[in-house]
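These notes concern the structure reproduced below.
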2 protein chains.
Amino acid sequence: MNILFTCAGRRNYLLDYFREAMRGSGKIIAIDSHIMAPALAVADLSIVVPSVNHPGYLATIKEIIRDHAVDAVVCLNDLELPLLSKHKGELEKLGARLFVSNSETIDIAFDKWKTYAFFKSLNIESPQTFLTIDEACSAIDLGKMDYPVILKPRWGTASLGILEAHDEGELILCYRLLKLQLSRSVLKETNQIDIEKCILIQEKIKGAEYGMDILNDLNGVYQKSFVRKKVAMRSGETDKALTVVNSYFLDLGKKIGQATGHVGNMDCDFLVRRGKVYLLEMNPRFGGGYPFTHEAGVNIPAIYLAWMRGEVDITQYMNYTPNLTFVKYDKILKINTESYLKKSSDANLVCCQE
Amino acid sequence: MNILFTCAGRRNYLLDYFREAMRGSGKIIAIDSHIMAPALAVADLSIVVPSVNHPGYLATIKEIIRDHAVDAVVCLNDLELPLLSKHKGELEKLGARLFVSNSETIDIAFDKWKTYAFFKSLNIESPQTFLTIDEACSAIDLGKMDYPVILKPRWGTASLGILEAHDEGELILCYRLLKLQLSRSVLKETNQIDIEKCILIQEKIKGAEYGMDILNDLNGVYQKSFVRKKVAMRSGETDKALTVVNSYFLDLGKKIGQATGHVGNMDCDFLVRRGKVYLLEMNPRFGGGYPFTHEAGVNIPAIYLAWMRGEVDITQYMNYTPNLTFVKYDKILKINTESYLKKSSDANLVCCQE
């Protein structure tokens, strides 16, 4: 079984987990638009490809699936999920199973305003969120919300451009600056959909942060959730966390997983303040918090492989142990790019999200 | 020989390099104010201490030096360098050698306005820098500087609060916001020295970024420099780099190392645009770029140990190979804090810079 990881970035651990689960049968193929992506250094076959926004991206993926007999595709980048979901049928006809969710879930997850509405529709609490300064200020004037508030791009990834305002003056400053920054950022294209409604103003909930992996099967049927309490963040990813088992959280995961019908693993963030849970966002892919789930006894790569083989009983792969603490730390790796296949003319210039 | 690492943070690699150089003789002692610091998980003795700003910090260091027969102290945090430098004589009387520079160099490095003046005094080019909006705007009006400009805290660490402005309107927005943020930040105390002159407005040099380790001996005598071209940054640290040997850069390192007379390794950043070099900043401690130097054939931990033993010839430890590319990637580690010594009452609340 050959598995393709798109936008492999720096997820060396995930490639290692899959390699272990594959037990020597099949190849790990990693692609990235940046020749220096660390994960390219640990794959069996590494291919430098055009960036996700490049018109040739989809054709390159197809070529790789065909040329290298790819059996499964694991997508790791928010920016490519809409494209791959849209063309899922087409790509699967080439013989590869795509671990990519339905377009509706991907759209809800990528647009944080829709995420807010989605949680509301499920009667799940979420921090109060507004699309304009006027609405946010009137909620504050009416005593429904307090400073500080968070300002963030409606369509965002990896904590790009998050600001915090402590009074109306700062709110206006932050709003104007964020709008300027967004008009220049990599998210430009996406945000220009509606430039006047591209910034979310959100109540800051001062509570403990949690992450959750919500696992559905290949048909989008809910399986189980795995929760961790975040102790520290770094570059928008969980850096230190404590594993947690709590039936209330698990019921929430079930409610969300059943409603989205997403495929495979979905990363989800929430806050807890005074016993009340506030859902923040969802990312229908492996998130930076997955290693915490894995090290605590859950083997989602092995589960994916079991499903691909048609197996149904996955209980042996889900021995989640609570009350374990894990931290991430840096290792360093020598890169030799000579062995990489190059399918991009500007491999050094464009940089995949990491 | 027992070595103490203060504010050990996430520098697991540095502890590993020292452990290797020590060849089983002596202990690696790591301290941090945050019980979850990854480096605490890999030391022989791990101690949770008060934060650098706590009045009991210095007394705790003294106690540890005495109680655990510490022979050398390696300091890893900008915020503690002034304190440890000031009390260097006192601490060394307890029997430990401190790898900490003179107060003047630490002061110049920590205050980026002084850094700018320092480079100027050495006739070393540096990006044009201003302390007020008026001065910056008049330089732009006179055609001496162009947008975009960078705004950053005069006293800053790990790329906290860096903004970029593309016109006068954005410059004013950024300046006001940064001032508000600084008035609330961890750097508050430091920056209140002169709140009207706490933000630097700096020409943005669009060039290739470089890092350099400038090595002086224990008496501040220049030894050698090791240069890397940065390919990517993450959380203010070098994430991907290519090793470089270039005599012009090495002459610059020599000029700086001779002028500072710093002790041990000093991290230094510069930019190159159209063949011209622009010095940015210096950090008189091991920086996040050191693993690149080490993996390319230079063993500064072994050099420190040789100097401690009174050896003079260190050439065997300096086989720097150019044209090698290295990247950092994440690993995950289980934390068991039960074995840690606790010398802080609020170990979970305060967080050391990482």
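Per chain, numbering begins at 1; letters A, B, ... match sequence-line order. For clarity, every value in this text was computed on a predicted model and none was experimentally measured.
A distance of 9.0 Å separates CZ in B:Arg10 from NZ in A:Lys328, rounded to the nearest 0.5 Å. The line from CD of A:Gln181 to NE2 of B:His166 is 8.5 Å long, rounded to the nearest 0.5 Å. B:Tyr329 contributes atom OH, which lies 12.0 Å from atom CG of A:Leu15 (distance to the nearest 0.5 angstrom).
Within 6.0 Å of the NZ atom in B:Lys179, the count of heavy atoms belonging to other residues, nucleotides or ligands exceeds 12.
Side-chain contact check for A:His34 versus B:Val231: some heavy-atom pair is nearer than 4.5 Å. Between B:Thr325 and A:Thr337 there is no side-chain heavy-atom pair separated by less than 4.5 Å. By the 4.5 Å heavy-atom criterion applied to side chains, A:Ile335 and B:Lys240 are not counted as neighbours.
Of the listed residues A:His294, A:Glu164, A:Arg176, the one with more heavy-atom pairs under 4.5 angstrom with chain B than any other is A:Arg176. Between chain B and the residues A:Leu163, A:Leu177, A:Asn12, A:Val327, the largest count of heavy-atom pairs under 4.5 Å involves A:Val327.
Only the side chain of B:Glu295 has a heavy atom closer than 4.5 Å to any heavy atom of chain A. With a threshold of 4.5 angstrom between heavy atoms, A:Leu333 approaches chain B through its backbone and through its side chain.
Closest of all the heavy-atom pairs between B:Lys334 and A:Leu324 is CE-CD2, 3.8 Å.
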